[in-house]
Number of protein chains: 2
Amino acid sequence: MIVTKSGRRMFPTLQMTVTGLQLHSLYSFIVDLKCVDQKRYRYSFHQSKWIATGPGEPELPSRVFLHPDSPAPGRHWMKGPISFDKIKLTNNQMDTRGHIIVNSMHKYQPQISILKHNSVEKRETFSFPETTFIAVTAYQNHRITSLKIERNPFAKGFREGDVDDEMRGHLNLFKPFFSSISSHFQYS
Amino acid sequence: MIVTKSGRRMFPTLQMTVTGLQLHSLYSFIVDLKCVDQKRYRYSFHQSKWIATGPGEPELPSRVFLHPDSPAPGRHWMKGPISFDKIKLTNNQMDTRGHIIVNSMHKYQPQISILKHNSVEKRETFSFPETTFIAVTAYQNHRITSLKIERNPFAKGFREGDVDDEMRGHLNLFKPFFSSISSHFQYS
DNA sequence: GTGTTGTCACCTAGGTGATAAAAT
DNA sequence: ATTTTATCACCTAGGTGACAACAC
């Protein structure tokens, strides 16, 4: 995942559906990033894979992303997929804009917390392994670059089309969808 | 104010500051448009003014604009000016997008309501005379058109500049501000 | 004649990876 | 040698009034 000083969105977007909430109780949804191991990674071009290369940076002041709809009744959250597309990542430890701070070349696991606003607050935290990533300031793997260019609408300018837009639209019908990672959670 | 089928923002933007709210009580802010008289208007080019010309259209199904921050604690609303820039007006009576429906060539008075979410709900409605307007599908008065072009950033393409942007920036320092109508209310 | 609609060029605002320069 | 930064062209997304065509 690309990380910049001014903050970069995640792509694909973190997204989830949830069932089992109480229709009229208030909930908040919070995302944070857990550094999965205290290791620095480097990409081996020969082996085409990431390799852990020893002790990483110290843990960073942890920031969280509060979903802008929070707090909202269960009814609202269950209307459809909950999208975290406004999350921005930065490697600037002095960031003042509230973005989530990460160390480049480190591996992260997004965590989602559901906060239930009752007389007693209840917090439940969970994560989906399919959403782990390594933060970078420049892509290390050409196939990741291609995937992002193909799937992110904002990178359309880098697509080199032997097919025009209309034809591409038809072709896309046969490709797996990949503009968000959609996970599901059953609240209980 | 221009009105279209698909919905048009208001310009200048409705905006207000409020004091006197309880810091931790929840409030919602609601805007609606009151048809000030059941009259249709036409613009007299000779007299350079609007003239009432008899009975207007029947009252329309009233729609309201709920400020997207609602509900929020008093503390939030008093942090700074509350902007209603997302309001959109339409003349399409079949509108399905939740925009506020108005009749063209009729005069309207925006109303703001503060809803206090307590054990007992309290609603207080008020309006600022400086924000009345007549809805149109095309500008009738050339001086209004000029004002909008001068002040609305999105209309920059229609400014015919004998001065470049940097020079204009300096000149603007001497002009009265007119990109929003900012009113104040003391809650009690 | 009068008012409305759809389309357009021209903007604001901001999200992409490429690239060269800089930092480490 | 490796990683980071700043800038850029090229997009998405959507807000302007002008204007010609249209409806009544």
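Just so you know, these numbers come straight off a predicted model, no measurement behind them.
Atom CZ in Arg40(A) sits roughly 11 Å away from atom C1' in dT24(C) (whole-Å rounding). Atom C1' of nucleotide dT24(C) and atom CG of Asn103(A) are separated by 15 Å, given to the nearest angstrom. Atom CG in Leu147(B) sits roughly 14 Å away from atom C1' in dT16(D) (whole-Å rounding). dT16(D) atom C1' lies 15 Å from atom CG of Leu89(B), rounded to whole Å. For the pair Gln140(A) CD and dT2(D) C1', the interatomic distance rounds to 9 Å; values are reported in whole Å. Residue Met1(A) contributes atom CE, which lies 16 Å from atom P of dT4(D) at whole-angstrom precision. Atom CZ of Arg42(A) and atom C1' of dT4(D) are 18 Å apart (whole Å). In this structure, Arg159(A) places its CZ atom 9 Å from C1' of dC11(D), rounding to the nearest Å.
Cluster partners of Met94(B), using a side-chain heavy-atom cutoff of under 4.5 Å among ILVMFWY residues and allowing indirect links: none.
The salt bridge (Lys or Arg N to Asp or Glu O under 4.0 Å) check on Asp32(A) picks up nothing, with sequence neighbours excluded. Residues satisfying the side-chain hydrogen bond (donor to acceptor under 3.5 Å, both in side chains) criterion with His24(A), sequence neighbours excluded, are absent altogether. Listed by chain and residue number, Gln22(A) satisfy the side-chain hydrogen bond (donor to acceptor under 3.5 Å, both in side chains) test with Ser25(A) (two or more places apart in sequence, or in another chain). A search for side-chain hydrogen bond (donor to acceptor under 3.5 Å, both in side chains) contacts involving Ser83(A) returns Asp85(A), not counting sequence neighbours. Listed by chain and number, the residues in a ring-ring contact (aromatic ring centres under 6.0 Å, His included) with Phe84(B) are His67(B) (sequence neighbours excluded). For Arg123(A), the side-chain hydrogen bond (donor to acceptor under 3.5 Å, both in side chains) criterion is met by Ser113(A), not counting sequence neighbours.
The side chain of Ser104(B) places an N or O atom within less than 4.0 Å of a non-bridging phosphate oxygen (OP1 or OP2) of dT4(C). Asn91(A) has a side-chain polar atom (N or O) that falls below the 4.0 Å cut-off from OP1 or OP2 of dT5(D).
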Write down the protein N/O and nucleotide N/O pairs, taken from nucleotides 6-8 of chain C, whose separation is under 3.5 Å; answer none if there are no such pairs.
{"from": "dG6(C)", "atom 1": "OP1", "to": "Lys5(B)", "atom 2": "NZ", "distance (Å)": "3.4"}

So which protein N/O to nucleotides 19-24 of chain D N/O distances come out below 3.5 Å?
none

Show every donor-acceptor pair shorter than 3.5 Å between a side-chain atom in residues 44-53 of chain B and any protein atom, with sequence neighbours excluded, or say none if there are none.
{"from": "Ser44(B)", "atom 1": "OG", "to": "Gln47(B)", "atom 2": "N", "distance (Å)": "3.1"}
{"from": "Thr53(B)", "atom 1": "OG1", "to": "Arg40(B)", "atom 2": "O", "distance (Å)": "3.0"}

List the atom pairs, donor and acceptor, that lie under 3.5 Å between side-chain atoms in residues 130-137 of chain B and the rest of the protein, sequence neighbours left out.
{"from": "Glu130(B)", "atom 1": "OE2", "to": "Ser183(B)", "atom 2": "OG", "distance (Å)": "3.2"}
{"from": "Thr131(B)", "atom 1": "OG1", "to": "Gln109(B)", "atom 2": "NE2", "distance (Å)": "3.2"}
{"from": "Thr131(B)", "atom 1": "OG1", "to": "Phe128(B)", "atom 2": "O", "distance (Å)": "2.6"}
{"from": "Thr132(B)", "atom 1": "OG1", "to": "Pro129(B)", "atom 2": "O", "distance (Å)": "3.4"}

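Remark: the backbone N or O of His184(A) is not paired with any side-chain donor or acceptor of Thr17(A) at under 3.5 angstrom.
Remark: Lys5(A) does not engage Asp95(A) in a salt bridge, criterion side-chain N to carboxylate O under 4.0 Å.
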Quick one, give me the B/S/- string for nucleotides 13-21 of chain C, reading 5' to 3', where B means a protein heavy atom under 4.0 Å from the base and S means that only happens at the primed atoms, P, OP1 or OP2. -BBBBS---

